[in-house]
Amino acid sequence: MLKPSESPGVTGSGEIRLTGVTKRFGETVAVRAIDLTIPHGSYCCLVGPSGCGKTTILRMIAGHEQPTEGDIRIGGDPVVGLPPVRRGTAMMFQNYALFPHLNVRDNVAFYLKMRGVAKAERRARADEMLARVQLDHLADRMPAQLSGGQQQRVALARALITNPRVLLLDEPLSALDEFLRLRMRGELKGLQNELGITFVHVTHTQPEAIALADMVVVMDHGRIEQAGPAEEIFARPRTPYVARFMGGQNVLAGIAAREGGGLSLTTPEGWVFHAPATHPEARDGQPWAMAIRRDRIALSRGAGEPGALGPNAVAGTVTATEYQGTFVKVSLEVPGLAGFVANIPDHAWFAERFRPGDAVTARWQGQDVHVLDRADSAGDADPYGGGEH
């Protein structure tokens, strides 16, 4: 079987390095001066709202688009200007793009046919790949006879038969129902661990990125807002945009004051937020921001005045509740804090139910507050930028 290192122009490493990459479409800048290294053998998710540039990056890595400026290397090899077939990449498209007139086996073997591989060999290799994705028993069926999840596996087998060093996935789970999406998430991760090649997966779904990725890259308006391990992106966001977009944090903005080795923020409404840690660039009297995880917040009945509540407490009114199984999402209207949410464990919720219109106080511990790298900016107010999410 042809190995990645034997493909024309391809070395074995699947490390991807983008340096100063910019992509313009006319007057529109889709990607702005991106510097990014994706280690060999990692599962990387590019996440962000529609129009943020994540699919453009994927297409430039694949060779379906060329950067306006900058350099792209795969395994240390420059690939700008090379056709997709010489990059050692394979791409799995959102709509799967199966040939409706070919059966499953011939869909998977199509690349080998174009390369002139003999019929018996390409059928054998297609059957081997179908067995790997647990579809060998459906080799003679037509795509129209398959479920959505089965069609996805066929598309995956067709991409993997090229023995790529990098597999590129463009919203591969978006067409599946929730049950299949969760199942395929596990199968994709297991397959990546088995193959040991680099996966780059574009998604707009934050839980999908957190569940799958070794490395998450959060994008906004063609820029990288933060890149790092999934647990870092979720628990220690650097900016208000990342804290809001990843969905698990409330952003707390105010005027900074250093005290007792920590940092306090005070809002015009009188709320006071305190963290035992500080930030080297935060200065007294300047705007700054912190974040508190939704699941670290406790609710109690009744609302007090800001001056009487003390630090790390706010008062507001319940506007909506959503039962999520293991917890209840409680949305609050709090003066000066947009989109404040507390995730209450189900046992606590059933012991003390809150209804829309109830006056409540939300409290949290200082050690659970995370100081961000900067204050709010105008562009951070809406992490979706008016696009779909």
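Note that the coordinates shown come from a computational prediction; the quantities given were computed from them, not determined experimentally.
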Problem set entry | Side-chain heavy atoms of Ile16 within contact of Arg73, under 4.5 Å | no
Exercise. Does the distance from a Lys or Arg side-chain N to an Asp or Glu carboxylate O, for Asp368 and Arg293, drop under 4.0 Å?
Worked result: no
Problem set entry | Residue pair Arg181, Glu178: steps toward the salt bridge (Lys or Arg N to Asp or Glu O under 4.0 Å) verdict | CA-CA 5 Å; Arg181 189 157 55 243; Glu178 181 67 13; 2.4 Å; yes
Seminar exercise, completed: Taken to the nearest 0.5 Å, the spacing of Met60 CE from Ile72 CD1 works out to 5.5 Å
Problem set entry | Heavy-atom donor-acceptor pair, Ser42 side chain to Asp214 backbone, under 3.5 Å | no
Exercise. Would you call Val80 and Gln66 a side-chain contact if the rule is heavy atoms closer than 4.5 Å?
Worked result: yes
Exercise. Is Tyr111 reachable from Leu169 through a run of I, L, V, M, F, W or Y residues, each pair having side-chain heavy atoms under 4.5 Å apart?
Worked result: yes
Exercise. Going from CG on Asn312 to CZ on Arg363, what distance comes out if it is rounded to the nearest 0.5 angstrom?
Worked result: 10.0 Å
Seminar exercise, completed: Trp288 and Leu263 have their tightest heavy-atom pair at CD1-CD2, 4.0 Å
Seminar exercise, completed: Of all heavy-atom pairs linking Asn250 and Val341, the shortest is ND2-O, 2.7 Å
For this session: Give a yes or no answer on whether the side chain of Trp271 reaches the backbone of Pro335 with a donor-acceptor pair at less than 3.5 Å.
Result: yes
Exercise. Please walk me through it: do Glu232 and Arg238 pass salt bridge (Lys or Arg N to Asp or Glu O under 4.0 Å)?
Worked result: CA-CA 9 Å; Glu232 175 186 302; Arg238 294 178 185 167; 3.6 Å; yes
Exercise. Going from CZ on Arg236 to CD on Gln226, what distance comes out if it is rounded to the nearest 0.5 angstrom?
Worked result: 9.0 Å
Exercise. Does Arg122 reach the main-chain N or O of Val117 with its side chain, forming a donor-acceptor pair under 3.5 Å?
Worked result: yes
Problem set entry | Derivation of the side chain to side chain donor-acceptor pair (under 3.5 Å) call for Glu322 and Gln324 | CA-CA 6 Å; Glu322 296 179 13; Gln324 303 286 327; 3.3 Å; yes
For this session: Might you work through the side chain to side chain contact (heavy atoms under 4.5 Å, CB included) test for Leu18 and Asp35, ending with a clear yes or no?
Result: CA-CA 5 Å; Leu18 286 73; Asp35 293 315; over 6 Å; no
Seminar exercise, completed: What one should report as the nearest heavy-atom pair of Gln249 and Ala291 is OE1-CB, 3.5 Å
Exercise. Any chance CD of Glu305 has more than 12 other-residue heavy atoms, nucleotides or ligands included, within less than 6.0 Å?
Worked result: no
Exercise. Without hydrogens or angle criteria, can the side chains of His201 and Glu208 be said to hold a donor-acceptor pair below 3.5 Å?
Worked result: yes
For this session: For Leu191 and Arg132, run side chain to side chain contact (heavy atoms under 4.5 Å, CB included): C-alpha distance rounded to whole Å, both residues' side-chain angles, the deciding distance at 0.1 Å, then the answer.
Result: CA-CA 9 Å; Leu191 192 60; Arg132 173 166 277 174; 4.0 Å; yes
Problem set entry | Residue pair Met91, His64: steps toward the side chain to side chain contact (heavy atoms under 4.5 Å, CB included) verdict | CA-CA 10 Å; Met91 191 160 180; His64 300 303; 3.5 Å; yes
Exercise. Between Lys329 and Thr321, is any pair of side-chain heavy atoms under 4.5 Å apart?
Worked result: no
Exercise. Is it true that Val360 and Leu252 fall in one hydrophobic cluster, defined by side-chain heavy atoms closer than 4.5 Å?
Worked result: yes
Exercise. In terms of heavy-atom contacts, does CD of Gln365 have more than 12 from other residues, nucleotides or ligands at under 6.0 Å?
Worked result: no
Problem set entry | Within 6.0 angstrom of Lys189 NZ, more than 12 heavy atoms from elsewhere | yes
Exercise. Distance-only, no hydrogens or angles: does the Gln151 side chain make a donor-acceptor pair with backbone N or O of Pro143 under 3.5 Å?
Worked result: yes
Seminar exercise, completed: dist Ser300:OG -> Glu352:CD (nearest 0.5 Å) comes out at 9.0 Å
Exercise. Is the closest side-chain heavy-atom distance between Leu299 and Val330 below 4.5 Å?
Worked result: yes
Exercise. Transitively linked via ILVMFWY side-chain contacts under 4.5 Å: Phe245 with Phe234?
Worked result: yes
For this session: Applying side chain to side chain donor-acceptor pair (under 3.5 Å), run through Glu333 and Thr317 and close with a yes or a no.
Result: CA-CA 5 Å; Glu333 182 179 351; Thr317 304; 5.7 Å; no
Problem set entry | Donor-acceptor under 3.5 Å (His370 side chain, Pro237 main chain) | yes
Exercise. Are there more than 12 heavy atoms of other residues, nucleotides or ligands under 6.0 Å from atom CD of Glu269?
Worked result: yes
For this session: Report, as yes or no, whether the 6.0 Å neighbourhood of atom CZ on Phe350 holds more than 12 heavy atoms from other residues, nucleotides or ligands.
Result: yes
Seminar exercise, completed: Heavy-atom closest pair (Ala303 atom, Ala315 atom, distance to 0.1 Å) is CB-CB, 3.6 Å
Problem set entry | N/O donor-acceptor pair under 3.5 Å between Arg258 side chain and Ala282 backbone | yes
For this session: May I ask you to decide if Val166's main-chain N or O and Thr198's side chain share a donor-acceptor pair within less than 3.5 Å?
Result: no
For this session: Look at the side chain of Lys54 and the backbone N and O of Gly222, then say whether any donor-acceptor pair between them is shorter than 3.5 Å.
Result: no
Problem set entry | Heavy-atom closest contact (Thr203 atom, Thr205 atom, distance) | OG1-N, 2.9 Å
Exercise. Who else is in the cluster with Phe110 when I, L, V, M, F, W and Y are joined by side-chain contacts under 4.5 Å?
Worked result: Phe99, Leu102, Met114
For this session: Just do the salt bridge (Lys or Arg N to Asp or Glu O under 4.0 Å) check on Arg185 and Glu187 with the steps written out, would you?
Result: CA-CA 5 Å; Arg185 268 186 358 201; Glu187 293 188 7; over 6 Å; no
For this session: Look only at the side chain of Asp358 and the backbone of Phe354, and say whether a donor-acceptor pair between them is shorter than 3.5 Å.
Result: no
Exercise. Are Val29 and Leu46 in one and the same hydrophobic cluster, where Ile, Leu, Val, Met, Phe, Trp and Tyr link if side-chain heavy atoms are under 4.5 Å apart?
Worked result: no
Exercise. Can you check side chain to side chain contact (heavy atoms under 4.5 Å, CB included) on Phe273 and Leu337, steps first, answer last?
Worked result: CA-CA 12 Å; Phe273 313 125; Leu337 294 180; 4.0 Å; yes
Problem set entry | Residue among Arg17, Arg165, Arg86 satisfying salt bridge (charged side-chain N to carboxylate O under 4.0 Å, His left out) with Asp77 | Arg165
Problem set entry | Spatial distance of atom SG (Cys44) from atom CG (Leu212) [nearest 0.5 Å] | 11.5 Å
Exercise. How many angstroms lie between atom CE of Met142 and atom CG of Asn107, to the nearest 0.5 angstrom?
Worked result: 8.0 Å
Problem set entry | Close side-chain approach of Leu146 to Arg141, heavy-atom, < 4.5 Å | yes
Exercise. Donor-acceptor pair, Thr266 side chain versus Ile255 backbone, under 3.5 Å?
Worked result: no
Exercise. Should Met246 and Ile210 count as side-chain neighbours, where that means a heavy-atom distance under 4.5 Å?
Worked result: yes
Exercise. Hey, are the side chains of Glu69 and Val21 touching, using non-hydrogen atoms and a 4.5 Å cut-off?
Worked result: no
Seminar exercise, completed: Shortest non-hydrogen pair, Ala342 vs Ile297, comes out as CB-CG2, 3.8 Å
Exercise. Within a strict 4.5 Å, meaning less than it, do heavy atoms of the Val104 and Leu130 side chains meet?
Worked result: yes
For this session: Decide whether a cation-pi geometry holds between Lys23 and Phe25; the criteria are a distance under 6.0 Å from NZ or CZ to the six-membered ring centre and an angle within 45° of the ring axis.
Result: yes
